[in-house]
Amino acid sequence: LPGLHVLAIAFALEVSVGKTNTVTALNNSNVLLPCTFTTCIGFQDLVFKWYFNTTELIYHGKIKTKATEPTLIWHNPRVEFVGSTTKKDNNISIVLNGVEFSDAGKYTCHVKNPKEKNAQHNATIILTVVHQMVKTDNTVTLIIVGVVGGLIGLLILFMLIKRVVLKECLVSSSGNDNTENGLAGSKAEQKAPPKA
């Protein structure tokens, strides 16, 4: 029956890690691993877990209702919950502190909603850890300066830098991404994170 099929889609639980599922982090920095979920009929006693490389549990939380923030069941000491479920988005993002090269791999955000007949869904992020960030914008600006030369080249360079900074503000205020993730053109990656 086609009507039942539409109903199944309407009640579906969905988990998302944003527009891109790859994150690059600087060795020894803190990195945001974004995750949000949506559900059409709401949730009760919803359980969410984060796994490293499919099997290693690094965070386990439970959310009673939309009116309450998650309660922690268990977490790796280096993992910190930074989301919120009482605001507009059901944000269950975490931050991985003091990233090391051995942390590179797959991070899976898994959600189970008993209110939707135990519907389950997950989304995965691939984390890459690097020695230093590579600026991708440099080649474009160098070519423009080389071809045009002089003041016009500098003017275009200034406009490009302004555009990148403006884009950063839009990205960092979206709540999905974090400049510490090492997005291209980000100024945040050179800063060492403050040690607790």
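We count residues from 1, following the sequence as given. These numbers come from a predicted model, not from an experiment.
The shortest distance between side-chain heavy atoms of Asp103 and Arg78 falls below 4.5 Å. Taking the side chain as every heavy atom from C-beta outward, Ile125 and Thr22 never approach each other to under 4.5 Å. Considering only heavy atoms from C-beta on, Ile94 comes within 4.5 Å of Ile58 through its side chain. No side-chain heavy atom of Leu13 sits less than 4.5 Å from a side-chain heavy atom of Lys112. Counting heavy atoms from C-beta on, the side chains of Phe48 and Cys109 never come closer than 4.5 Å. Using a 4.5 Å heavy-atom cutoff, the side chains of Cys35 and Val15 are in contact. Counting heavy atoms from C-beta on, the side chains of Val129 and Leu127 come closer than 4.5 Å. A heavy-atom distance below 4.5 Å is found between the side chains of Leu46 and Val111.
By the 4.0 Å N-to-carboxylate-O rule, Asp45 lies too far from Lys115 to be salt-bridged with it.
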### Task
Show your reasoning for whether ring-ring contact (aromatic ring centres under 6.0 Å, His included) applies to Tyr59 and Tyr107.
CA-CA 11 Å; Tyr59 196 96; Tyr107 288 82; over 10 Å; no
### Task
Tell me, with the steps shown, if Lys49 and Asn122 meet side chain to side chain donor-acceptor pair (under 3.5 Å).
CA-CA 9 Å; Lys49 295 175 181 180; Asn122 57 48; over 6 Å; no
### Task
Apply side chain to side chain contact (heavy atoms under 4.5 Å, CB included) to the pair Trp74 and Leu57, showing each step before the final yes or no.
CA-CA 9 Å; Trp74 184 87; Leu57 181 69; 4.3 Å; yes
### Message
Would Trp50 and His75 count as a side chain to side chain contact (heavy atoms under 4.5 Å, CB included) here? Give the steps.
### Response
CA-CA 9 Å; Trp50 277 90; His75 76 113; over 6 Å; no
### Message
Let's go through Asn28 and Leu26 carefully: what are the C-alpha distance in whole Å and the side-chain angles of both, what is the deciding distance for side chain to side chain contact (heavy atoms under 4.5 Å, CB included) to 0.1 Å, and is it a yes or a no?
### Response
CA-CA 6 Å; Asn28 206 29; Leu26 196 58; over 6 Å; no
### Message
Using the rule given for side chain to side chain donor-acceptor pair (under 3.5 Å), can you reason through Thr86 versus Glu69, listing the C-alpha separation, both sets of side-chain angles and the distance that settles it, and then say yes or no?
### Response
CA-CA 6 Å; Thr86 55; Glu69 289 292 349; 2.7 Å; yes
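For the residue pair Thr128 and Ala104, the shortest heavy atom distance occurs at CA-CB, 4.5 Å. Taking every heavy atom of both residues into account, Pro34 and Ser93 meet most closely at CA-OG, 3.3 Å. Nearest heavy-atom pair, Val23 versus Val31, reported as atom, atom and distance to 0.1 Å: CG1-CG2, 3.5 Å. In this structure, Asn27 and Glu100 approach most closely via the heavy-atom pair OD1-CA, 3.5 Å. Nearest heavy atoms, Glu80 versus Asn97: OE1-ND2, 3.3 Å.
Under a cut-off of 6.0 angstrom, the local environment of NZ in Lys64 is sparse, with at most 12 non-hydrogen atoms contributed by other residues, nucleotides or ligands.
No donor-acceptor pair under 3.5 Å is formed between the side chain of Asn113 and the backbone N or O of Val47. Put simply, the side chain of Lys62 never gets that close to the backbone of Pro70: no donor and acceptor are under 3.5 Å apart.
Of the N and O atoms on the side chains of Ser16 and Thr36, not one donor lies less than 3.5 Å from an acceptor on the other residue. Donor-acceptor pairing under 3.5 Å is lacking for the side chains of Thr39 and Glu14.
Only one option out of Leu33, Val82, Ile63 pairs with Ile92 in a side-chain contact (heavy atoms from CB on, under 4.5 Å); it is Ile63.
Taking the six-membered ring where the residue is Trp, His110 and Tyr51 present perpendicular rings, their angle passing 60° and hence far from 30°. Taking the six-membered ring for Trp and thresholds of 30 and 60 degrees, Phe43 and Phe37 have ring planes more than 60 degrees apart, a perpendicular arrangement.
Separation of atoms CD1 (Ile126) and CG (Asn21) is listed at 6.0 Å; rounding is to 0.5 Å.
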